[in-house]
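Sequential numbering from 1 along the given sequence is applied to the chain's residues. These values consider heavy atoms only, across backbone and side chains, with no hydrogens, waters or symmetry-generated copies.
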Amino acid sequence: MYKIIKLIVPAFFIMLTLVSCKGDGKYLSIGEPHFVNDFPNRGELRQIDDFHIDEIGLRSVKVVDTLLFIYRSAGPLDESATWLIYSLDGKKKYEECMKVGRGPGEFTYIPWANSCHFFHKNDSLFVHMPERHKGYLYEMNITKHLKEGGEVPYPVVETGHINSSCWSTTPCGGGRALLNRANDDFTGIQRLMYENDTVRPMPITRDIDNATIAKSDDISDLNLLTKNICYNAAADKFVEAMYYFNQINIYSADGTEGRTICVGNKLDDLSLIENTPRFVRKNNYGALSAWDEGFGAAYLGDSEINLQQLLSNKSQIQFFDWEGNPKYLVELPYQIEEFDIDFTNNVLYVISQNNDKVMAYDATDIIRHLKS
């Protein structure tokens, strides 16, 4: 009985805290938000049984041409973290690339492939990757690496604008990159476009860039404002799915237009979330992927403590076009770590957070609705 009381009392005070909190109307919307109450199409996923990749510690997956890039890491301090490269059917494994270290072409941390910029030049596939601790954008010839092996990334941009105060750096071609950089007090994060060794604010995000949290001795509190960000060259837009807020932001790379999407009837209030105990804060979007046809966001929708203890056994992927219109929704019986789509062979790849495995599903219906 005593143990039960010990559990109930803290929960009671947490409940009082949540009930007594009233928001200050501090929202992070780009203009008037677009509310989504339902998805016009839903479907069940059919797993492709003959797809198997026997690796552990998988964190990120990215489809490029006929290749599957997978980020493998046992944790943030894993010195063996790297990119694995497979054929799309998972039956051929190429030489690994990217190394952790302090030497030339090495990373203090390996970037997720989904946050890097892949492009073609002179009939070869290249990639731009950020290294904020060195102030670099690295470039690597993937095609040459696959043919000859041992290719080492080399810096194509070196600047003090890319530094440790950047919460994220998203390359977007031509030596450009979107920087999400902390302000001087580490109370807010600004979106800045880097180009030709200068940075400029994004006009469309100026209002939400001014949002701040209370000053704290723990700069990790700024994680409250973090999000997953993807860039698509065909749309020339960024999309960001926020971790602690029930919203997705879309904006053009020139910073002149954008909008906020909310699946629901009301945006989350920053002041209310800030005053919610960290371990019971609701985690909303945990992964994001973008394509020419639109983008998808993995919705978790549970508290920090439940997700960490794997007590939450479901998630969903919400698909939209680049105008923010809902297109399709699928639900999965596990937490999603990362996902991507092969539009040529109609395959959805999903990394399960529960067992670190890459699962393959038939994506024919999803792709048909994204293209319609």
Problem - Residue K121 excluded, over 12 heavy atoms near NZ under 6.0 Å - result: yes
Exercise for the section: Check whether the side chains of T187 and N183 place a donor and an acceptor atom closer than 3.5 Å, and report yes or no. Expected result: yes
Handout entry: Residue D218 excluded, over 12 heavy atoms near CG under 6.0 Å
Key = yes
Exercise for the section: Kindly say whether A81 contributes a backbone atom to a donor-acceptor pair with the side chain of E79 at under 3.5 angstrom? Expected result: no
Exercise for the section: Measure centre to centre between the rings of F39 and F320, then say whether the value is under 6.0 Å. Expected result: yes
Handout entry: Inter-residue atom distance N346.CG - I367.CD1, 0.5 Å rounding
Key = 4.0 Å
Practice task
State, without any angle test, whether D268 and Y27 hold a side-chain donor-acceptor pair at a distance under 3.5 Å.
Solution key: no
Exercise for the section: Check the pair I229, N180 against side-chain contact (heavy atoms from CB on, under 4.5 Å), reporting the backbone distance first and the verdict last. Expected result: CA-CA 10 Å; I229 304 175; N180 270 244; 3.3 Å; yes
Problem - N246 side, atom CG; K266 side, atom NZ - distance, nearest 0.5 Å - result: 10.5 Å
Problem - Side-chain donor or acceptor of R281 paired with backbone N/O of E274 under 3.5 Å - result: yes
Practice task
Verify the neighbour count for atom CG of N37: are there more than 12 heavy atoms of other residues, nucleotides or ligands below 6.0 Å?
Solution key: yes
Handout entry: Salt bridge present between D269 and K26 (N-O < 4.0 angstrom)
Key = no
Practice task
Look at R368 together with D365 and state whether they make a salt bridge at an N to O cut-off of under 4.0 Å.
Solution key: yes
Handout entry: Step-by-step side-chain contact (heavy atoms from CB on, under 4.5 Å) determination, Y285 to L300
Key = CA-CA 6 Å; Y285 291 101; L300 302 177; over 6 Å; no
Exercise for the section: Run the salt-bridge test on D221 and R278 with the 4.0 Å N-O cut-off and return the result as yes or no. Expected result: yes
Handout entry: Donor-acceptor side-chain pairing of Y154 and E139 below 3.5 angstrom
Key = yes
Handout entry: pair P130-S168: side-chain heavy atoms closer than 4.5 Å
Key = no
Fill in the blank from the handout: Closest non-hydrogen atoms of E106 and G103, given as atom of the first, atom of the second and distance, are OE1-N, 2.9 Å
Problem - Ion pair check, K237 and E323, cut-off under 4.0 Å - result: yes
Exercise for the section: Can you measure from CZ (F118) to CE (M129) and round to the nearest 0.5 angstrom? Expected result: 8.0 Å
Completion exercise
dist D185:CG -> I219:CD1 (nearest 0.5 Å) comes out at 12.5 Å
Problem - Evaluation steps, side-chain contact (heavy atoms from CB on, under 4.5 Å), between W291 and I341 - result: CA-CA 8 Å; W291 319 279; I341 291 180; 3.8 Å; yes
Problem - Check: N232 main-chain N/O paired with D236 side-chain donor or acceptor under 3.5 Å - result: no
Handout entry: Residue pair Y243 / L224, side-chain heavy-atom distance below 4.5 Å
Key = no
Exercise for the section: Begin with the C-alpha distance, continue with both residues' side-chain angles, and end with the deciding distance and a verdict on ring pair (Phe, Tyr, Trp, His ring centres under 6.0 Å) for Y138 and Y136. Expected result: CA-CA 6 Å; Y138 275 126; Y136 291 164; 5.4 Å; yes
Handout entry: Pair N114-D340, side-chain donor/acceptor within less than 3.5 Å
Key = no
Problem - Exceeds 12 heavy-atom contacts within 6.0 angstrom, atom CZ of R102 - result: no
Handout entry: Gap between atom CD1 of I70 and atom CD1 of I351 - 0.5 Å precision
Key = 6.0 Å
Exercise for the section: Assess the side chains of S87 and D89: does a donor N or O sit below 3.5 Å from an acceptor N or O? Expected result: yes
Handout entry: From NZ (K227) to CG (N284), nearest 0.5 Å
Key = 14.5 Å
Exercise for the section: Over 60° means perpendicular and under 30° means parallel, so classify the ring planes of F69 and W83, tilted if in between. Expected result: perpendicular
Exercise for the section: Ignoring hydrogens and angles, tell me if any N or O in the side chain of E257 forms a donor-acceptor pair with the backbone of S252 under 3.5 Å. Expected result: no
Practice task
Inspect the surroundings of NZ in K134 and state if more than 12 heavy atoms from other residues, nucleotides or ligands are less than 6.0 Å away.
Solution key: yes
Exercise for the section: Kindly check if the number of other-residue, nucleotide or ligand heavy atoms within 6.0 Å of NZ (K93) is above 12? Expected result: yes
Problem - R191 bridged to E240 by N-O distance under 4.0 Å - result: yes
Practice task
Kindly confirm or rule out a cation-pi arrangement of K327 over F319, judged by NZ or CZ under 6.0 Å from the six-membered ring centre and within 45° of its axis?
Solution key: no
Exercise for the section: Begin with the C-alpha distance, continue with both residues' side-chain angles, and end with the deciding distance and a verdict on ring pair (Phe, Tyr, Trp, His ring centres under 6.0 Å) for F126 and H128. Expected result: CA-CA 7 Å; F126 287 80; H128 280 172; 8.2 Å; no
Problem - Closest non-hydrogen atom pair, I162 against L179 - result: CG1-CD2, 3.9 Å
Practice task
Using only heavy-atom distances, determine whether the side chains of Q316 and Q318 contain a donor-acceptor pair under 3.5 Å.
Solution key: yes
Problem - Audit row: V347, F51, side-chain contact (heavy atoms from CB on, under 4.5 Å) steps and yes/no - result: CA-CA 11 Å; V347 178; F51 177 85; over 6 Å; no
Handout entry: Short side-chain donor-acceptor distance under 3.5 Å, S165 and N163
Key = yes
Problem - I250 vs I261 side-chain heavy atoms within contact, under 4.5 Å - result: yes
Exercise for the section: Before accepting this row, confirm whether a basic side-chain N of the pair R59/D356 lies closer than 4.0 Å to the acidic partner's carboxylate O. Expected result: yes
Problem - Minimum-distance pair of heavy atoms, taken over all atoms of I336 and F339 - result: CG2-CD2, 4.2 Å
Exercise for the section: Find out whether P40 and P326 are in side-chain contact, i.e. whether some heavy atom of one side chain is under 4.5 Å from a heavy atom of the other. Expected result: yes
Practice task
Check whether any side-chain N or O of N196 sits under 3.5 Å from a backbone N or O of T198 as a donor-acceptor pair, and report yes or no.
Solution key: no
Practice task
Taking atom types as modelled, find out whether E337 and S352 have a side-chain donor-acceptor pair closer than 3.5 angstrom.
Solution key: no
Handout entry: Non-hydrogen atoms of N141 and S124 that approach each other most closely
Key = OD1-CB, 3.8 Å
Handout entry: Candidate pair E55 and R72, rule salt bridge (Lys or Arg N to Asp or Glu O under 4.0 Å), full reasoning
Key = CA-CA 8 Å; E55 303 275 359; R72 183 189 67 199; 3.5 Å; yes
Exercise for the section: Going by the side chain to side chain contact (heavy atoms under 4.5 Å, CB included) test, name the single residue among T344, I142, L125 that passes it with D65. Expected result: L125
Practice task
Answer whether the closest heavy-atom distance between the side chains of I189 and L222 falls below 4.5 Å.
Solution key: yes
Practice task
Could I get the full list of side chain to side chain contact (heavy atoms under 4.5 Å, CB included) partners for N228, not counting sequence neighbours?
Solution key: L288
Problem - Residue pairs fulfilling ring pair (Phe, Tyr, Trp, His ring centres under 6.0 Å) with at least one residue in residues 251-277, sequence neighbours excluded - result: F238-Y251
Problem - Nearest atoms (heavy-atom pairs only) where C230 meets S289 - result: SG-CA, 4.0 Å
Problem - Joint cluster assignment, I110 & M140, ILVMFWY side-chain distance < 4.5 Å - result: yes
Practice task
Go through the side-chain N and O atoms of N249 and Q247 and say whether any donor and acceptor fall under 3.5 Å apart.
Solution key: yes
Handout entry: A253 versus M193, closest heavy-atom pair with distance
Key = O-CE, 3.4 Å
